[in-house]
Amino acid sequence: MNRIFTRLLAACLMAAGLQIAAAAPPVSDAASDELLRAATDILRKADADQVSELWDSGSSVLKSRMGKTAFVRATRKARLSMGPVTDREWSSVTRLKYQADNESGFPAGLYANVVFSTQLDSGRKASERISFARENNRWIFTGYAIAREAPDTSATQDTSAAPAKPATQPATQPAVPAVRQAGAAEVETAVRAWAQAWSARDVDRYLAAYAPDFTPARGQSRFRWEEERRARITSKSSIGVTLEDLVIVIDGETASARFRQNYRADTLREVSRKTLELQRSGGQWLIRRESSGG
């Protein structure tokens, strides 16, 4: 069976193409807890076909980009096509900060995605992404998207109202060029690939995530730093690195990614805050600086 993911719906969002992480343990961060509660309520209403209420309580971003009639029609169609749900587990909470005049075209502010891994009554799996904008000190609903595994190519038609490739955008979809909404997703993909390489103890792929002009901490030389990292990683029998509460800020060709890092190596367990500063180079986002704390 080919894994073909079909975006069937949404009112917005800047993170089309997000990778779905394995289900993570609950986080204690108050903002993440608030988002999880809000996302769960959105899914409850979608399951109960209370779609009109979602638009009524939606953010100004949602309402400026999609009318109520189109939203209700598309949401109801997508949700019904998925069928009954037997189980859900949240898999990631991602926060994205956009500054004024950002390349995405979204108003400046804080946005978030909550992604659920969903088991369907049909035996197939899906992912559901609920998007929010921070307005008046509250997380307000901005969009809902479904991606499901399809048995054949007949499910590849995109009926989404979310930003996607221009060739498949329907008339009701906000005209947000793909190049604008790709930035945050590209940065997140690069950061998660770095964590995955570290977890896999793939030192070559891990080191390739760093830019040629990467500056190690404590005035260490690049050569000495690489030797030390290689020795530390290969000396462990197992490593696990997961990221939570990811906040990405993009400024042209540079970006910062702040997150909570859960690190496990053999019997060691550590939780820390980390910031990666990245630079776009040759179509890739590479790490130029890395710091902990804050």
Got a salt bridge between [X] and [Y], using NZ or NE/NH1/NH2 to carboxylate O under 4.0 Å?
X    : Y    : result
R224 : E227 : yes
R192 : E188 : yes
E270 : R264 : no
R138 : E34  : no
K45  : D41  : yes
R289 : D213 : no
D47  : R79  : yes

Just how far is it from atom OG1 of T142 to atom CG of L54, taken to the nearest 0.5 Å?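 T142 OG1 to L54 CG: 11.5 Å, rounded to 0.5 Å.
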How close do [X] and [Y] get, counting heavy atoms only, and between which atoms?
X    : Y    : answer
A200 : R205 : CB-NH2, 4.2 Å
F132 : A39  : CZ-N, 3.6 Å
R222 : A211 : NH1-O, 2.7 Å
T40  : F116 : OG1-CZ, 4.0 Å
K63  : G58  : CE-O, 3.7 Å

Do we see a donor-acceptor contact under 3.5 Å between the side chains of [X] and [Y]?
X    : Y    : answer
Q220 : E228 : yes
Y210 : E290 : yes
Q119 : K125 : no
S60  : E135 : yes
N113 : S131 : yes

Parallel under 30°, tilted from 30 to 60°, perpendicular over 60°: which one fits the rings of Y263 and W198?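 The arrangement is tilted - the two ring planes meet at 30° to 60°.
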With side chain to side chain contact (heavy atoms under 4.5 Å, CB included) as the test, would you mind laying out the steps for L43 and E128 before giving the verdict? CA-CA 9 Å; L43 291 174; E128 296 173 279; 3.4 Å; yes
Would you say that W194 contacts L276 through its side chain, given a criterion of any heavy-atom pair below 4.5 Å between the two side chains?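 Side chain of W194 against side chain of L276, heavy atoms only: contact under 4.5 Å found.
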Check whether any side-chain heavy atom of V61 lies under 4.5 Å from a side-chain heavy atom of Y111, and answer yes or no.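 Touching, per the 4.5 Å side-chain cut-off.
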Under 6.0 Å between the ring centres of W225 and F214?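 Here the rings of F214 and W225 have centres that are less than 6.0 Å from each other.
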Distance-only, no hydrogens or angles: does the T75 side chain make a donor-acceptor pair with backbone N or O of V72 under 3.5 Å?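 No: the side chain of T75 does not pair with the backbone of V72.
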Evaluate side chain to side chain contact (heavy atoms under 4.5 Å, CB included) for D121 paired with V85, printing each intermediate quantity in order. CA-CA 6 Å; D121 185 59; V85 171; over 6 Å; no
Path from L120 to I130 over hydrophobic side-chain contacts below 4.5 Å: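 Linked, L120 and I130 end up in one cluster.
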